[in-house]
Every structure is written in C-alpha cells, then in structure tokens.
Amino acid sequence: MATTSERGASTPARSPADASASGSAASNFIREIVDDDLRTGRRDRVVTRFPPEPNGYLHIGHAKAICLNFGLARDYQGVCHLRLDDTNPTTEDVEYVEAIQRDVRWLGFDWADKQFYASDYYERLHGFAEALIRRGKAYVCSLSEEDTRKYRGSVSEAGTPSPYRDRSVEENLDLLGRMRKGEFKDGAHVVRAKIDMANPNMKMRDPPIVRIRHAHHYRTGDAWCLYPLYDFAHALSDWIEGITHSICTLEFENNRELYDWFLEALDLPNRPRQYEFARLNLTYTMMSKRKLLQLVEEKHVNGWDDPRMPTLAGMRRRGYTPESIRNLCERVGVAKTNSIVDVALLEHVVREDLNPKSPRVMCVLRPLKVVIESWPEDHVEELDAPYWPPDVGKEGSRKVPLSREIFIERDDFLESPPKDWHRLAPGREVRLRHGYVVTCTGVEKDEATGEIKALRCTHDSESRGGGGKKVKGTIHWVSARHAVEVEARLYDRLFDVEQPGSGDLRAEMNPTSLTTLRALAEPSLKAAKAGDHVQFERLGFFFVDPVDSRDGAPIFNRTVALKDTWSRQSSGRAGANEGAAPPTLPLVATPESGKQAEDGKAAAQKGAQKAEGKAAAPRVSAELSPEAQVLKDAHGITGEEARILAGDADLKALFEAAVAAHPSAKAIARWVVNEVRRELKGASAKALPFSGAALGELVSLVEAGTLSAPLGKEVLAELAREGGSPKAIVEKRGLTQISDTGAVEAAIDAVLAENADTVARFRAGNQNVLGALVGMAMKKTGGKANPKLVNELLRKKLGATPA
Ligand code: ATP
Ligand code: MG
C-alpha cells in the first residue's frame, strides 16, 4: 500500500498579489479560497486537476472546468494535471483519450508531463481497499443488487446494516483476494466502506468502493476484473497526485463528506479539499456526454465533430476559436448557484473574436442573374477591393472582376418592395459593393411559372467606388464569368427547445439545422485553405471546413451569422436559416460590418450606423420575455429564475402555489429553480406528488431555522418520492435543527475529547483539521445542528480566529 503522496509541483506558489497582477482572470470565490490558503500558509502550492472520463468528447461545459483548473494553475504558478478518470471498462476508449488531449491543447492549455490515468492507480487503490478492511472500515458484502437497494433505506428511514457487515477482517481479505483472482461473477460481491447506515447523507450509507466487472479495459486489458467506484477512486487519485484544490461541479456537493471520509479513514496526510462550482449551462444546448453519444450513435449528426455539436471538436470545425470560448468562460464567471447562460452570449464572443481575423469577401448563396445592359459586351474591370473595413485597421486588398453579367442574392430583389426597402426593385438604385450604382430596368420571368429568371439593369459609369450619386443600399455580387462554385453549409441550432435533453431528442431537434447550398464565390476564394476564416459580406463568418475541403474546392461552414437572427425574430423561427441580411436594414447595420462605410465618405450614413447601434454584449441572462419580466417584477426574483419559471408552465404553477402558501418568493424561487429541478431530473413538475403549499411549508421551516438547508434538501427528496407534509416528515425523523447552544456544545465537547490527536494537530498549526472536527460534531447531532453555530462554537473552543 502506498504511503507517500507524489507531489505534483515543486515551485512555490506565487503570492496572491502576483497572481492578481497577472490580470488574467477576474476573481471568484475559488480564487478567494486559494488566496486565503496561501496567505495563511495552509497551502504552499496550488495543484489542480481536470479529470474527464474518456467516454466521450469534451463539450463546451468542460471548457469551463478546463479554464478554471488550468487558469488557477497558470495564475498561481502551480500545476494542473490532466487525469483520465478511467474506472469503467465498458464505456472508455483510447479514441476519447486522444480527443480530450487534442481539445485541451486546442483551448490553449498544457499539462506538461502531468498526465495521469486512474487506471494506473488500480494496484494502489486495491491496496487502499485492503487497508480499509484491515482497519475495520470496509467489508465484502454479498447482498444482491436488489437487496442492497432495500437495505439502504430512504431519506426518511435509516438503512439496515447488511448481514455481511460484521465479517471478520480475515474473511474479508480472503474474499477480496478471491475476487481479484476472478473466482466470482459480476455482482456476486462488492467491497463497501463501513460508515453509517443511518446517516442522513445517503452517500454515507456504506457506499460500494470496489466491484467485480469481467470486462476488457482499453488500457489494462484483462489484468483486472475489479474496478474502483467513482468516489473512492477520485478522492484517492487526488491524494496520490498531491492535488491541493479538487474542484468539481455542484452535483458533487453531497459527495464531499465521503471524499473527506476516505482520506480520514486512511489517516492520510496533506489532504486535498473539494470545492464545488456551478456548471455551465447554455440555452438550446445539450451538455451530457451520454446524450451526445446517442446523437452520434443514432446518426442524428455526422459524428462528434459535426459543427452543430456543442463539443469542442464540433465548435473547432465550425470555426469557433479557442479565444472566444475562453472569453465566454471568463465572462460567465464562477458561481455557487446554477444558472443558464443565453447561447447568444457565446455567439457574441465568437463574432467579437472573428471580426478582426476574417477578411471580407463576397459570395452569393442563392444567385439571381443580372445583366448590366449598359456594360460593353466583353469588358472586364478589375476593381480594387480592400479586405478590411477601416475600423479593423488592417492593410490588404484583392482585385475583383466585374463584367456585364453578374449574380446577386435572390433576397436582394423584390418586385413590389415596401417604402423603406434599400435594395434592388424595379426602377430602384443600389450600389454594387466596391463598384458602381446600378438601376433595375427590367425583370425576366419564366412564362409558365412566373418565376423571376433574371434582372436587367443599367449602370452609372461615374459612380465607381463611391463616386457620383449617393444611394441608400449596397449589395454584394459576383461576376458570372468569373465566379467559382463552392459548397456552403449553413448551420442552425441543433435544438428547437430552450433546454433540450429532457424528452425525446428527436422531437426536440431542429429539422433544418443544416442547409447545404451550391454558392457562387468571387474568384479569390478558389484558393481558400482549410482552416481559413472569412466574412462573406452581409452573410456571416465562414470557416473553410478542415475535413471535407480539397485544394481548389473549399467548403465553407457558416460559423455564425452576422446578426443574431434569433433574438430579433419575435414570432417563430421562419427565415432564421436564411443567412441573408434582414429586409429593412442597410448593408452597414451589423456591429461587425458596421463601420464598413461602404461609400467611404458618407458622413450621413455614419450617423445611421450609430443609430443602428453597436449591439451591446448580451448579458449572461438574456433579455427577458414579457412573461419573465412580469414574474421578476412581481416577486423580486432574479432574471435567470424568472426566465426558467416563465419557460416551464408547470414549474411556474408550483412556484406560484408555494408563494401563495408562504410569502417568501425569493427563497422559494431559489428552491424551485435549483432543488426542485434537480429532483425532477427533466420530468414535469406536474408529476410531483406534493403541492406548492407543501413546498412553501418546507421553505418556511428552513427559513425559520427549524430545519437546516441540507436536511431541507433531504426532506424535499422524500417529498418528491413519497409526497406527504414537510412538518410531518421533520417530526417523524426528528430532523429539527438544533440551534440550542448547550446541546451543540455538548456534541463539540464529546468530539474534542474523542479526538485528542486531531486537536493536537490543530494546535500544532494544521488548520485543515478544523473542517473534519466540524463534520464530526455535525454527525454527532445527526446532521441536525446549525452548521454555522457548530463552526463558531468550535472555533471559540479551540481559540481559532472566527471564520
Ligand atoms: P457529462 O455530464 O457531460 O457526462 P461528466 O461530468 O460526466 O459530463 P466528466 O468527464 O466526468 O464528465 O467531467 C470532467 C470534469 O468536467 C468534471 O470535473 C466535471 O465536473 C466537469 N464538467 C462537466 N460538465 C460540466 C459543465 N457543464 N460545466 C462545468 N464543468 C463541467
Ligand atoms: Mg462524470
């Protein structure tokens, strides 16, 4: 068994002042913890880890964890390990390991030589399991899966100890040895930690730590038929690597007690500590590897790197840049409560980053032929066309040929246009980008179908490049003789629903998430290379597909349209996929192309550009719908909460009924949005076996201090399972929070007396043990003490500084 911890880093941590001087990241509660740990000397280094399981590709949610963990290591001169958390032989694969490495590097982070695999620790983890058995802290259990479930009890009932719980150390060790040799089939036995079958935290009820699984592992092959379970493997892998701050998402809050238990039970020094942060959620985006795998396997998309996928591989192939994704994570920040970020913010940061990186070129997606009848038959004019708008401040231009026959965008012509139409129509004028002003003099139609076949125009030969008359609109075009045919792939949202993933995936999907077109591009684009970013003027940012493009035959993926066509469209999504500029706006309306000043000096137009507005960055919580706004105003709840409630009628009904019973809307909104939704796991609130009034009662008990928040969650879980009344559950289970100083003090005194060695370690300067003592005192009271009070009293008794 291992007794030493391999240190991940040897460089001393930077002082917090240095860290903030690097200016690379805004502070957040985790950084405050790290600052405090370094200042007080609790830690002298920062070692974090990013621990994906190689059972799928990384998605944009993982990017947040990557930026946080690697960002901390960077800013505090520490190290961040890449740990492949590979303890499940049936789902993991080397393809995923490689994809993970590629994606983390692409995001801009480097683990140097600190790449580790949980599967490399199997032997040591096995040793830890034996050590727990020897200490009487683990046993081999032979209950069936079904009986194990029955014995576990429920939130309202204590579990029943397994009949195998008191096996002797010798018998346990013997069984474990035979398990390892492969003498038993899957599920026949399992090693369980011996903790407490009555613990209010279900995770502490003798959790399994090692199971039998006769399966081939992608790295260890058939060497093992025993595999460690997540909580056990994770805590000890962290310890083996000398992790200091083990950062994970909020779902693991209840696992923290178990994490600490393993380290304590094995009496390991220099323990890592777990901290939880809110995961990244985006509207219209599904972030679950399991469900993304389903999309791939059922061929709803073309692989993990399909540009519609929220995977980093998909986003890279679509043309998103690592800078923009890092920027998103930075803007979203690190919080302690879950929320949902508007995907428009992601699109915004992508545009912002691509704007100065994407030369402006012309391409017509849906061509309509135009004959310029005043133009000499074989005449070709090479127009000088700058690649960049003035505000980008970059040099460079190419020649664009203009001839008698050109193609324009079909959407840029209307036969009977509204008054404020600034594009082409019979008798109306428009400027050809970089070229001349043309006037439409005729329309040719198919006699049978009435379809418009071509337009006739004349041009004003004095108007080249902005000269001559001023006109309101400018359109893009390509010369018919010179155009090159290219494939354009227009991507739209993969899902039509704001929070996909809770129902039938197929029903939630947007049937027109991909439109493939044969487009006509200006000749310079024939030379576009895989991986180039360009802006097709007025249409969007495009990226030359790195997989399917061939030399001389580029394929253009639309990374993002110039404008957020979604938030503008109040009714339905018709036209969202069109890609062409909206009907009533002049060329320069978008923030990105906004300063193109297509007519060079047109000062009047500059004013117009300002009026169109440099669109402000969407806030993390997007603009509220009227319904959400009403909720927010009526109850004083946050915008995010209002948005979630407004988007789910059943949840909203529950919220309103709860508020009617207990007038504390803010607290109830928090409970509904976080805890109730967690319980629902995507199901409808309608199906809940308890009423809004019961929820109101529960929140009132917590608010009154009768019930601690963690126990409140347990009561909620029971309500969600079995219904009933919160007061009755609290009474039946004796959960009333102990806020009586005397009772709490008694528990603390007992803990201090029983743990003299721990207290001595504290007095010798080890602040870390304080948490463990608080935990023990909490446990003494059955989790019923007010944790704040325990903390305060304990600190007082030990003469520690107040928290
Ligand atoms: P999924 O739910 O997609 O299957 P996971 O949590 O099972 O993801 P892991 O490979 O275990 O996937 O995740 C590696 C790390 O990434 C974990 O520390 C996890 O907390 C973090 N992570 C996963 N999803 C998100 C998210 N949406 N936001 C922030 N961090 C995340
Ligand atoms: Mg996971």
Side-chain angles (χ1 to χ4, degrees), residues 28 30 48-73 80-88 91-93 95-101 103-104 107 109 111 115-119 228-231 233-235 237-238 241 243 245-256 259 272 274-296 304 309-315 325-326 328-341 343 346 499-502 505 620 678 681-682:
N28 57 51
I30 300 218
T48 55
R49 85 283 170 274
F50 171 61
E53 181 181 356
N55 61 352
Y57 279 54
L58 298 180
H59 52 61
I60 177 94
H62 291 113
K64 182 173 177 185
I66 295 171
C67 289
L68 176 56
N69 281 296
F70 281 94
L72 282 171
C80 179
H81 297 182
L82 176 62
R83 157 132 31 90
L84 285 310
D85 189 9
D86 52 357
T87 52
N88 184 357
T91 55
E92 295 159 3
D93 197 282
E95 176 199 348
Y96 299 132
V97 173
E98 285 163 5
I100 288 167
Q101 293 169 331
D103 292 344
V104 174
L107 255 194
F109 297 103
W111 53 91
Q115 180 179 313
F116 301 103
Y117 293 88
S119 54
L229 281 120
Y230 171 82
D231 289 292
H234 198 79
S237 301
D238 278 352
E241 292 176 19
I243 300 301
H245 299 82
S246 178
I247 300 165
C248 61
T249 38
L250 287 175
E251 319 82 90
F252 293 98
E253 202 174 344
N254 279 343
N255 302 59
R256 191 190 332 125
Y259 183 100
Q274 177 185 304
Y275 302 93
E276 305 91 25
F277 72 103
R279 59 194 290 121
L280 175 65
N281 297 302
L282 288 175
T283 54
Y284 299 99
T285 310
M286 187 175 74
M287 283 188 244
S288 146
K289 279 192 287 190
R290 191 172 51 75
K291 288 182 189 150
L292 293 175
L293 175 67
Q294 190 188 339
L295 291 181
V296 173
W304 285 98
M309 288 282 271
T311 52
L312 296 180
M315 291 182 167
I325 293 174
R326 292 200 303 265
L328 174 80
C329 295
E330 191 60 36
R331 288 203 192 186
V332 167
V334 179
K336 277 194 241 192
T337 43
N338 281 323
S339 65
I340 301 179
V341 174
V343 73
L346 171 62
Q499 288 178 52
S502 50
L505 285 187
V620 169
R678 202 195 318 268
K681 297 188 183 75

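Just so you know, ligand 1 is whichever comes first in the structure, and atom 1 is the first atom listed for that ligand.
Of all atoms in ligand 1, listed by their number and element, those nearer than 4.0 Å to a heavy atom of A65 are 16 (O), 21 (C), 30 (N). Numbered from 1 in the order shown, with element, the atoms of ligand 1 that lie under 4.0 Å from a heavy atom of P52 read 10 (O), 14 (C). With ligand atoms numbered from 1 in the order given, ligand 1 contributes 14 (C), 18 (O) to contacts under 4.0 Å with heavy atoms of P51. Close contacts between ligand 1 and H59 involve ligand atoms 3 (O), 24 (N) [criterion: under 4.0 Å to a heavy atom].
When side chains are defined from C-beta on, Y230 counts as touching D85, because their heavy atoms get closer than 4.5 Å.
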Residues V104, H62; criterion side-chain contact (heavy atoms from CB on, under 4.5 Å); working and verdict: CA-CA 10 Å; V104 174; H62 291 113; over 6 Å; no

Working for side-chain contact (heavy atoms from CB on, under 4.5 Å), residues L107 and L312: CA-CA 9 Å; L107 255 194; L312 296 180; 4.2 Å; yes

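Close N/O approach between G61 and ligand 1 is found [any backbone or side-chain N/O within under 3.5 Å]. The shortest N or O to N or O distance between K289 and ligand 1 is below 3.5 Å. Annotation: F50 places no N or O atom under 3.5 Å from an N or O atom of ligand 1; distance criterion only.
Taking each heavy atom of A118 and D86 in turn, the nearest pair found is N-OD1, 3.3 Å.
Checking side-chain atoms of R49 against main-chain N and O of H245 turns up no donor-acceptor pair under 3.5 Å.
Checking E53, H62, R49 against atom 12 (O) of ligand 1, the nearest heavy atom belongs to H62.
The side chain to side chain donor-acceptor pair (under 3.5 Å) check on N255 picks up D231, with sequence neighbours excluded.
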